[in-house]
Amino acid sequence: MADGKAIGRSVPRQDAVDKVTGAAQFVDDIQFGPTLLHAKILRSPHPHARIVAIDTAAAMAVPGVRAIVTGKDCPQYLGLYLADRTVYAVDRVRFVGEPVAGVAADSAAAATEAIGKIVVAYEPLPGIFDPVAGAGNKDVLLHENLGTYRCAPFIYPVPGTNIANRFRLRKGDTDKGFAAAAAVVENTYTVPHIQHSQLEPHAAAANFDRAGKLTLWSSSQSPNAVRKLIATAFGLPMTKLRVITPYVGGGFGGKAGLTCEALVVPLALRLPGHHVKLTLTREEVFRGTFVRQGLVARLKTGAGGDGRLAAMEAELFWDGGAYAEYGVNIARSGGYCSSGPYEIPNIKTDSCCVYTNHPVGGPMRGFGMPEIHWGIEQQMDMLAEKLGLDPLAFRRLNALRDGSPAAFGGPMSGATLVDTIDAVAARCGWGGPKPPASGARKARGRGLACMFKAPSMPPDAQSSAVLKLNEDGTVHILTTAMEIGQGSLTALAQIAAEELGVPVADVVVTLPDTDYTPYEWQTVASRISYSAGNAVLAAARDAKAQLLAVAAQVLAVPATELAIEDGRIFPRTDPARALAVSAIAMGCLLPGGAIGGPVVGRGAFVPAGITGLDRETGQGERPAPFWTYGTQVADVEVDLRTGAITVLKVTAAYEVGKVINPALAIGQVQGGIVQGLGAALYERLALAEGKYLNSDFVDYKIPTATDTPQMDIVLLETSPQADGPFGVKGIAEPTMVPTAPAIANAVYDAIGVRIRDLPLSAEKVLAALKSKQAGEKFVRRAP
Amino acid sequence: MKTVTLTVNNRPHTLTPSPERTLLDVLREDLGLTGAKRGCDAGECGACTVLLNGKPVNSCLVLAVELSGAAVVTIEGLGGPDGLDRLQQSFIDNFALQCGYCTPGMILMGKALLMQNPHPTEAEVKEFISGNLCRCTGYENIVKAIMAVAGGGEGNG
Amino acid sequence: MFAYHEPQSLAEVTSLLTAYGESARILAGGTDLLVQMRKGRQQPHHLLNIKTVSGLEQIAATEDSVEIGAAVTLGEGERFLAAYPEYGVLRQAMHSVASVQIRHRATLAGNLCNASPAADTVPALVVLGAKIKIHGARGDRLVPVERFITGPGRTVLLTGEVVSAVVLPRPESGSRGVYLRKARRPSLDLATASAAVFAAGGAWRIALGAVAPTVVRVREAERLLAREGLSAATAAEAARLARAEAKPITDVRGTAEYRRELVAALVEQALLALGEEGARP
Ligand SMILES: Cc1cc2nc3c(=O)[nH]c(=O)nc-3n(C[C@H](O)[C@H](O)[C@H](O)COP(=O)(O)OP(=O)(O)OC[C@H]3O[C@@H](n4cnc5c(N)ncnc54)[C@H](O)[C@@H]3O)c2cc1C
Ligand code: FES
Ligand code: FES
């Protein structure tokens, strides 16, 4: 697809001026005035305990306290894919940080004081702190009622166990496959919990007005999901619940679904006329909001003497945490993508989301893909080494190609891994000589990793858009797609401008307000440019048809012979006879009377032909609309004395169908690489028997500017998505998927040690190096 | 309670903050200047950065009562009626922001750096802003945005 | 809640401290104190802002010493010391603390008085032989830095006493030092382990940070270097001695074993860096 007037251009961000001037408002920035009340949450200090009694009398007596709520006040179960949690713990707490009570008070200080005066009697219970043990433990059950929870039809809880979802994939015959393999590698990989660490802590404010309407301001990626879950839990019709999401200071999945919004609702319902606001502290973000699930992955992979992958077996134990309402679907995605971006004829995968007394696992950039590729991509390197093959050539040989059967059986379309491998190889000079290290006792290494990712969503995840023409010919687009930093406002404006033929500067996309903006499933899964983009495209087409119909009458030229460019409508054969869009935006008054009327375009989209997967075999046709492919090469240097890894350079290539805005897309890759680098080197929520050893930025480190490597990024458009607007596929999440395994492979290249447990802390690297050296000494001394 | 007279973005203010309140609290809650953000309340993220007597500080770690006679500049104090500060414009041109939460702090750090060192190297820029976390951009474009202004001579801000 | 005070003189500080006893805390840059208060680890009822005491913001350089007032920030200290290469070790240590923003508020005296085992400036002050000037009801006293900190969060300060300055003796000319640290992340992170080395004439001093409740001197290595001079071999031996001398703990920033490895690596590296610097014309 050729670039257009708006598409394919690095149009400045629509929200940029707001954000560089401080004008951009986030939830906590909204000034509610004298009706403001502050909410604070009492959280469980125990990973697992029965709540014997809660005494709020002393807390209620604190001056300034207006209301206190506990689990009993809102015992309804809710959840996105599996309704397994309540807003506040009712009679049991299952993780440290679980909300037990909420207080609303005139001041934050009074609310905090009251929290300290609520007396809760707990009876501690034995806990589950390991997903592998938890999967087999039938004595300690975290959810005895698992069998009775409502759940999505493609989620398979195993009642009587701690398994919240079991996904199985059976394809071919792995025993035969391994028997024929020339090389087999079998390893266990672990991925710890990590935190999204968006810079903006979660915040929500609720106002229950005296007429009985609840308005919720929320820092959320999912305004419609928030509305639906809260409306259901509190029995409100959607006409009485309005969700407004101003700018969101970073999401990465951690603000998807329902996060802290529900906590303020029961408080607000008791305090009509007030605005009850809850802004989480950084510690609460760590302890009380979604984390990326931990994973224990046992992988066995085999390849034939011809270098072709023959078989794999995967046992994936996802540490779902105390509630798995969202995490269950990660186990599913991780399961049906467990082959990685390769063609493997024989596969057996069991992917279980296991309840533990850990913080609640939820979606995070990549939705299971960074976790599974951590192991898969190291397996690939090990197999290549065993077979004496170049790791890049080995991957190239096994890459899924157009029409290749995927792990789930169906044919892959638009499988462009090879394009990204070739692009990266050319860019980084793969196979060239290793540059020297920067000093003595340092070692250089280079590593490669590939990835694929599809949007993991229900088969009917919908988007819609309304496009309004204003009297001056400018355009407003209403959607509930959320700007979380990725640039959706700008990209959607570009799509509309291109289709409508107006300058992109004249198009403004508004932020969500569920009373006014039409439905959007969620801003997750790297699907907004694709799905909301399609809705916006349809709305622009609709509006365009209306403009053309009026113009046809005004210009007395058939609509089919008219074009719109730069806000002017003209006959293709006679561009000089142009009519400004503004002249007919409200219709037109002709001698015979008015025609047309205000132009309002409407668009809706749901991907067609997304199918389910068989419960027993995980086989099916097309569980997702597209896969994005990518490859990264990391150049690292390891300090042999401290074990510290410096990532010098990352070369990355992604095939995205069509780039709407190159600068925005590159920005996604840059951000994803550095986030991946953080997960690779530093990030781990350290938990001991369910208690946090780190829950602030003092001891949970994310990358700073001095960690940023040199980055060389290539975006390819070799396989436009047939049903994507202008051919677009998703890019946001895939960017961080291969970074950690590429770094691990580079470390192996540098110093010959394999680290299978994230993160690659300097300490771990040094310990591995020392034990390798000790082993070598031992070998050398042996006769 | 102690009365404090200070200027914020060149405008005088007289306040009587209760002693535990920070400069960040006062800016956001009393003065309606919400450009400085709260990301950690512990000096670890830099989202609350403002210029205090010309130097960048974490406003979450400065008590408001201490500020008699101080001159504070926040993101709202940059630019003017005739347009954006050059650094603000450079952040736009270089796509140096995504969610925008770190942006006010980053821009003020860029201002502070260029005031003391008009021609920093890339490594100096990175080190200077390393007390400011950004989870979105990977920092590359932020560094570029600051370098672009440094390369282009004096800022007009 | 606490009351806030702006004493104008050291005498006033002392009388307030004496009057309020344990419920009072000195507020310097506040970068430790305010964070600890927010985490509930300290709940003082009175904060005495030491920055309002006149004179404490000064740095006085004389023939025998450089005296850094208790209200001098790390940023100011760094800038001042740029003209004194013999204090390079302290300057490097100051620069490695936190971030630009923190260094504009945090004081040298605060870093010391907070008495964290990981405090960056303390190993540097130890190798420089710094003395701490303390003001109390009975006048001033000088305490060597090594005796000043008695344990994590503990100092020799008595009720009513306040640090008024840090006094750096003038080392003989040509003295040089190096401060190295390793943290989990290159920027804005507390040291997992650190080492300061200092060579003055034929004498050596080596101090380790974050590997024991208080800074550890590696005296055996100091004597070895004094005896045999600096070479690759003595540097390696000094590293071995440093590892043996360290008494680290295991925490979320690193295990005891890793900390031992680190101090060895840091001491050797610092010594070799000094050697290279000395070899330069
Ligand atoms: C994000 C962050 C990162 C940090 N990183 C580092 C780091 O990398 N390395 C490091 O060493 N430190 C670090 N620190 C800690 C801190 O910044 C330093 O210890 C700083 O030097 C403390 O100085 P201050 O003036 O802010 O002390 P304050 O917080 O004001 O005081 C600290 C303590 O000393 C007492 N005190 C202060 N001055 C006196 C005095 N004159 N007489 C008697 N008692 C006094 C106070 O009552 C208080 O108990 C970090 C802090 C933060 C918030
Ligand atoms: S809010 Fe002040 S540094 Fe994070
Ligand atoms: S742009 Fe989101 S934190 Fe920097």
Side-chain angles (χ1 to χ4, degrees), chain A residues 10 12-13 15-26 28-31 109 196-201 247-252 279 281-283 285 483-487 661 663-664 666-675 677-678 696-698 702-711, chain B residues 18 20 25 28-29 32-47 74-79 84-85 87-107 123 125-143:
Chain A
S10 294
R13 296 181 67 100
D15 52 359
V17 176
D18 278 0
K19 289 178 176 176
V20 299
T21 55
Q25 278 206 327
F26 300 81
D28 193 62
D29 298 340
I30 301 171
Q31 308 282 314
H196 310 73
S197 308
Q198 321 86 341
L199 258 279
E200 180 208 17
Y247 284 119
V248 166
F252 313 113
T279 301
T281 63
R282 180 54 59 184
E283 287 76 4
V285 172
E483 172 64 65
I484 52 177
Q486 83 283 44
N661 182 317
L664 291 181
I666 298 268
Q668 285 300 301
V669 187
Q670 291 168 338
I673 288 171
V674 174
Q675 221 170 44
L677 182 150
D696 54 24
F697 286 142
V698 179
I702 66 172
T704 74
T706 47
D707 292 294
T708 300
Q710 191 191 336
M711 293 185 264
Chain B
S18 86
E20 77 286 355
D25 294 337
R28 295 180 55 80
E29 293 158 19
L33 296 172
T34 55
K37 304 297 179 201
R38 196 187 308 272
C40 69
D41 233 8
E44 292 278 347
C45 78
T74 70
I75 189 71
E76 289 91 344
L78 292 198
L84 299 175
D85 180 89
L87 197 57
Q88 289 174 315
Q89 188 60 48
S90 185
F91 267 61
I92 298 177
D93 297 342
N94 288 286
F95 290 81
L97 59 102
Q98 290 184 24
C99 80
Y101 204 74
C102 70
T103 312
M106 287 289 188
I107 291 177
V125 174
K126 284 184 172 179
E127 206 219 279
F128 199 84
I129 63 168
S130 65
N132 294 64
L133 298 177
C134 173
R135 191 56 151 170
C136 303
T137 64
Y139 304 100
E140 166 129 342
N141 291 350
I142 294 173
V143 174

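Chain letters run A, B, ... following the sequence lines, proteins first, then strands; residues in each count from 1.
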Using a 4.5 angstrom heavy-atom cutoff, name the option from [options] with the most pairs to chain B.
{"options": "A:I702, A:V674, A:D15", "value": "A:I702"}
{"options": "A:S197, A:P12, A:A663, A:G678", "value": "A:S197"}
{"options": "A:V248, A:L664, A:V669, A:D28", "value": "A:D28"}
{"options": "A:T706, A:L677, A:V20", "value": "A:V20"}
{"options": "A:T279, A:V698, A:I673, A:T281", "value": "A:V698"}

- A:I484, part contacting chain B, at a heavy-atom distance under 4.5 Å: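 Only the backbone of A:I484 comes within 4.5 Å of chain B.
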- Measure A:S10 against the heavy atoms of chain B and call it side chain, backbone, both or neither at under 4.5 Å.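 Its backbone and side chain both get close to chain B.
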Just how far is it from atom [atom1] of [X] to atom [atom2] of [Y], taken to the nearest 0.5 Å?
{"X": "A:E200", "Y": "B:C136", "atom1": "CD", "atom2": "SG", "result": "10.5 Å"}
{"X": "B:R28", "Y": "A:D29", "atom1": "CZ", "atom2": "CG", "result": "4.5 Å"}
{"X": "B:C134", "Y": "A:L199", "atom1": "SG", "atom2": "CG", "result": "6.5 Å"}
{"X": "A:T21", "Y": "B:D85", "atom1": "OG1", "atom2": "CG", "result": "12.0 Å"}
{"X": "B:E140", "Y": "A:Q710", "atom1": "CD", "atom2": "CD", "result": "8.5 Å"}

- Item | Non-hydrogen atoms of A:G250 and B:C99 that approach each other most closely |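 Minimum heavy-atom contact is N-CB, 3.3 Å.
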- Which atom of A:P201 lies closest to which atom of B:Y101, heavy atoms considered: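 A:P201 and B:Y101 have their closest heavy atoms at CD-OH, 3.8 Å.
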- Query: Any side-chain heavy atom of B:R135 sitting closer than 4.5 Å to one from A:Q675?
  - Reply: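 Yes; the side chains approach each other to less than 4.5 Å.
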Between the side chain of [X] and the main-chain N/O of [Y], is any donor-acceptor distance below 3.5 Å?
{"X": "A:K19", "Y": "B:T103", "answer": "no"}
{"X": "A:R13", "Y": "B:F95", "answer": "no"}
{"X": "B:Y139", "Y": "A:Q670", "answer": "no"}
{"X": "B:K126", "Y": "A:T708", "answer": "yes"}

- Item | Donor + acceptor pair across side chains of B:Q98, A:Q668 (<3.5 Å) |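 A:Q668 and B:Q98 do have a side-chain donor-acceptor pair below 3.5 Å.
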- Side chain from CB out, backbone as N, CA, C, O: work out which of these in B:I107 comes under 4.5 Å of a heavy atom of chain A, or both, or neither.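 The side chain, not the backbone.
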- Task: Count the heavy-atom pairs under 4.5 Å between each of B:E127, B:E76, B:Q88, B:E20 and chain A, then report the option with the highest count.
- Result: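 Ranked by contacts with chain A, first place is B:Q88.
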- Message: With chain A as the partner, which of B:T137, B:I75, B:L133 has the greatest number of non-hydrogen pairs under 4.5 Å?
- Response: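 The answer is B:L133.
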